[in-house]
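By convention in this document, chain letters (A, B, ...) are assigned in the order of the sequence lines, proteins followed by strands, and residues within each chain are numbered from 1. Reckoned from all heavy atoms, side chains included, excluding hydrogens, waters and symmetry mates.
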Protein chains: 2
Amino acid sequence: MKKPKIKTMEELSVAIGVSRPTLSRYFQSPDSVRGSTAKKIQLGLERVEYVPNFFATRLNRKSTGMIGVIIPYLNDLFFTKLLESIEMAAMDAGYTVITQCSHSDRAIEARAAETFMSMNVDGTLVVPLGNRSDLVVHQRLQSRLPFVLVDSRPATMLEVDFVGTDHKQSTGLITKYLCRVGKPPIFLAMPRVNFNAMEREKAYMDCITALGHKPVVIGTDLVEDQWYFEAHGEAVLNDFFARGQFTDRSILCVNDRVAIGALRAASRHGLVPGRGAKGGLRIAGHDDYPLCPFTTPALTTVAQDFEAIGKAAVSRLIEVINNEDTDDTPRIQLFDGVLKLRESA
Amino acid sequence: MKKPKIKTMEELSVAIGVSRPTLSRYFQSPDSVRGSTAKKIQLGLERVEYVPNFFATRLNRKSTGMIGVIIPYLNDLFFTKLLESIEMAAMDAGYTVITQCSHSDRAIEARAAETFMSMNVDGTLVVPLGNRSDLVVHQRLQSRLPFVLVDSRPATMLEVDFVGTDHKQSTGLITKYLCRVGKPPIFLAMPRVNFNAMEREKAYMDCITALGHKPVVIGTDLVEDQWYFEAHGEAVLNDFFARGQFTDRSILCVNDRVAIGALRAASRHGLVPGRGAKGGLRIAGHDDYPLCPFTTPALTTVAQDFEAIGKAAVSRLIEVINNEDTDDTPRIQLFDGVLKLRESA
DNA sequence: TAGTAAATTTTACACACGTAAAAATGGGAG
DNA sequence: CTCCCATTTTTACGTGTGTAAAATTTACTA
């Protein structure tokens, strides 16, 4: 049974026997037309194939009901989790989410911003590329429409609404834990292109210094392509282990993906990191990447609250969209990390 | 320096001193206006802040230049890789990609389809939810606009353009390899909700039978929530290993995520799977999940060609969009898997 | 320098729907 | 049964841009 296809509301209105504006009102809220009319329209809609035109719908409306989300890349379950929570929250609030991935490319990120502006999205959530982002683009976006920064923030955008993890707290938490159960940890870092990575490195330094230990940071030089975190972790530690260094230390990795590489390096050298391990080697990460429970040994880490961050970002954005913020000071929301003790440390 | 914001092309045209349609033509192709005029417009654009309205732009155009992509869920690096390749290919071809994730929910998937139809996208690429998809929705989508199925296809949609992996070939490849180097493998499957999983299971059965061995399939019952593949793999094998079963067998897992769980189960029981391993235990997967090189031991698997699949899907879709297909028979493109020998088998 | 063909710019209408204001309708009270 | 008020429906115009056809300009030739 093929229903006749109807392209415009106009045609639909003659087909059903109601005026077009009445249909318009019905689609926006079925309650806004008389019950008998609503019923008539419903019946009519069942007999034909019609979908309203998205563009025409939004063209002359004050609000488009869309939220734009910019994500730096997809091949990372952290962003993927975050995005999931954002999309769900936005959907629940009745918004259509348009996600654009910048694929680690500032030009693509800029284009995404342009797209959002031209689409008149009600607001944007942006997870920046790190210091590869074109900050001018972010600034323009921010000055044009409701804007909330998520997960990571450029040093030049401190006066903007932000939702993320309190890295000082989270990194401090695991640093202290490691100090408690073994030798003070060294820090396996990353090339300094990522704001969060830098924040964690700094938090480690502060914490370990405060505890009276000497900080040791390794892995800040670029070894592999910078987005292959696991490869980076493995490569760096392979070098050290090969020279017999750090084989009996606690190693705090800047994030779980680096830690997964670290675990790999350890196993290559016949080392088994763990809490009560004989050698004293311990490896810990940060984020609670979904695969942590399944590594060998299972990775001890600090969990970021993806769920909470996503939800908070969306609700803050909606607040700004609705102009519900009383004052002008930027709202910074930082969520605590939670220790996830497993086997590796 | 704040540039004056200009909202419409009309305003822009008076600001620059050119007629509005001339601007329209300029934006669509700067070459289509006289050089001197183009220069004048360029200069004007540098002095003001203007972005054309996305909706108005597409409203009265035959082609919207957009491609809709539906993905079942994001928390899986396989889909993430595939999506990346699709987005890049589409972008290169000059299309704007709108991605909607169905988040394992048929209602969300249906809404995404609706959105695409109302946006008049030029075509859609859909990776279905498996047998949880609302097939009526897919059918409607397919009958309304250019449509290519990717990665997995419902048994009821065999007469549709499709791009994916040749699971018979890929699974056969690794099955034969395992038979060659050790005992004939058993197959660690999944609850039968996923078309690819079912195809691989069948391919295993056919291949192993053809080789004169008796097929053994485990893990078809639902143990954990069905999208936690790793947990499923671990739980199933834990049971068997605890009973001392299959500890000296080759185990072919339906995919790498399940295999990661399997590796975990092995290590829990003090088993070390591997090529020349003492016990005879071997574990292999399917997909070449990006983390395979970093598991302990590194996972032997069959690689799917994400790159090729994504590109082929996009270029086929564009072909259909441009009506370049000579005949009416659906075009099925299956890519071969490639053996990735690492340590685990 | 005038005339003509080609290229460019304008005019005018179309796109599909939102929405305020005007007209019509329905229901209830007297 | 009639009249009036509250809803609902309709009329009419707005949204920002695409595009075919008409008008103009440009470049070139004779």
Is any side-chain nitrogen or oxygen of A:Ser19 closer than 4.0 Å to OP1 or OP2 of D:dT10? yes
Hey, is the main chain of A:Asp151 close enough, under 3.5 Å, to the side chain of A:Asn196 for a donor-acceptor pair? yes
Can you tell me if the side-chain N/O atoms of A:Arg34 get under 4.0 Å from OP1 or OP2 in D:dT7? no
Short side-chain N/O contact from B:Tyr50 to OP1 or OP2 of D:dT17, under 4.0 Å: yes
Whole Å only: how far is the CG atom of A:Leu23 from the C1' atom of D:dT9? 11 Å
A:Arg316 bridged to A:Glu319 by N-O distance under 4.0 Å: yes
Any donor-acceptor N/O pair under 3.5 Å between C:dG18 base and A:Arg20 side chain: yes
For A:Thr22, answer base if it contacts any base atom (sugar-phosphate contacts may also be present), sugar-phosphate if it contacts only those atoms, and nothing otherwise; contact means non-hydrogen atoms under 4.0 Å. base
Has the side chain of B:Asn53 got a donor or acceptor that lies under 3.5 Å from a partner of the other kind on the base of D:dG16? no
Quick one: is C:dG18 close enough that its OP1 or OP2 comes under 4.0 Å of any side-chain N or O from A:Ser24? yes
A:Asn60 has an atom CG; how far is it from atom P of D:dC13, in whole Å? 15 Å
Whole-Å distance between D:dT19 C1' and B:Phe27 CZ? 17 Å
Using a heavy-atom cut-off of 4.0 Å across all strands, would you classify B:Arg25 as base, sugar-phosphate, or nothing? base
Separation of D:dG16 C1' from B:Tyr26 OH (nearest whole Å): 19 Å
Let's see if you can work this out: which of C:dC17, C:dA12, C:dT19 has an atom nearest to the side-chain heavy atoms of A:Met9? C:dC17
Closest approach of A:Glu109 and A:Val127, non-hydrogen atoms and distance? OE2-O, 4.4 Å
Check the side chains of A:Glu87 and A:Thr99 for a donor-acceptor pair under 3.5 angstrom, ignoring hydrogens and angles. yes
Reading DNA chain C from 5' onward, which residue's closest nucleotide shows up sooner: B:Ala56 or B:Ala38? B:Ala38
A:Arg153 NZ/CZ over A:Phe162 ring centroid, <6.0 Å and within 45° of normal: yes
Provide, to the nearest angstrom, the distance between the CE atom belonging to B:Met119 and the C1' atom belonging to C:dA16. 16 Å
C:dT19 phosphate, OP1 or OP2, under 4.0 Å from A:Lys62 side-chain N/O: yes
Atom-pair distance (NZ on A:Lys7; C1' on C:dA16), nearest Å: 10 Å
Respond yes when some side-chain nitrogen or oxygen of A:Thr37 is under 4.0 Å from OP1 or OP2 of D:dT9, and no when none is. yes
Going by side chain to side chain donor-acceptor pair (under 3.5 Å), name the residues that satisfy it together with A:Ser24, two or more places apart in sequence or in a different chain. A:Gln28
Taking five pairs at each end, how big is the angle between the two axes of the helix from C:dT1-D:dA30 to C:dG30-D:dC1, to 10°? 40°
Side chain of B:Pro21: nearest nucleotide among C:dA16, D:dG18, C:dT11? C:dT11
For residues 64-76 of chain A, which residue pairs qualify under salt bridge (charged side-chain N to carboxylate O under 4.0 Å, His left out), counting only residues two or more places apart or in two chains? A:Asp76-A:Arg257
If the threshold is 4.0 Å, N to carboxylate O, is there a salt bridge linking B:Lys5 and B:Glu11? no
Using whole Å, what does the distance between atom P of nucleotide C:dT25 and atom NZ of A:Lys40 come to? 12 Å
Could you check how far CD of A:Glu10 sits from C1' of D:dA12, rounded to whole Å? 13 Å
Find which nucleotide of DNA chain C each of B:Gly35 and B:Leu59 is nearest to by heavy atoms, and output the residue with the more 5' nucleotide. B:Gly35
Does a side-chain N or O from A:Gln28 land closer than 4.0 Å to OP1 or OP2 of C:dT19, or not? yes
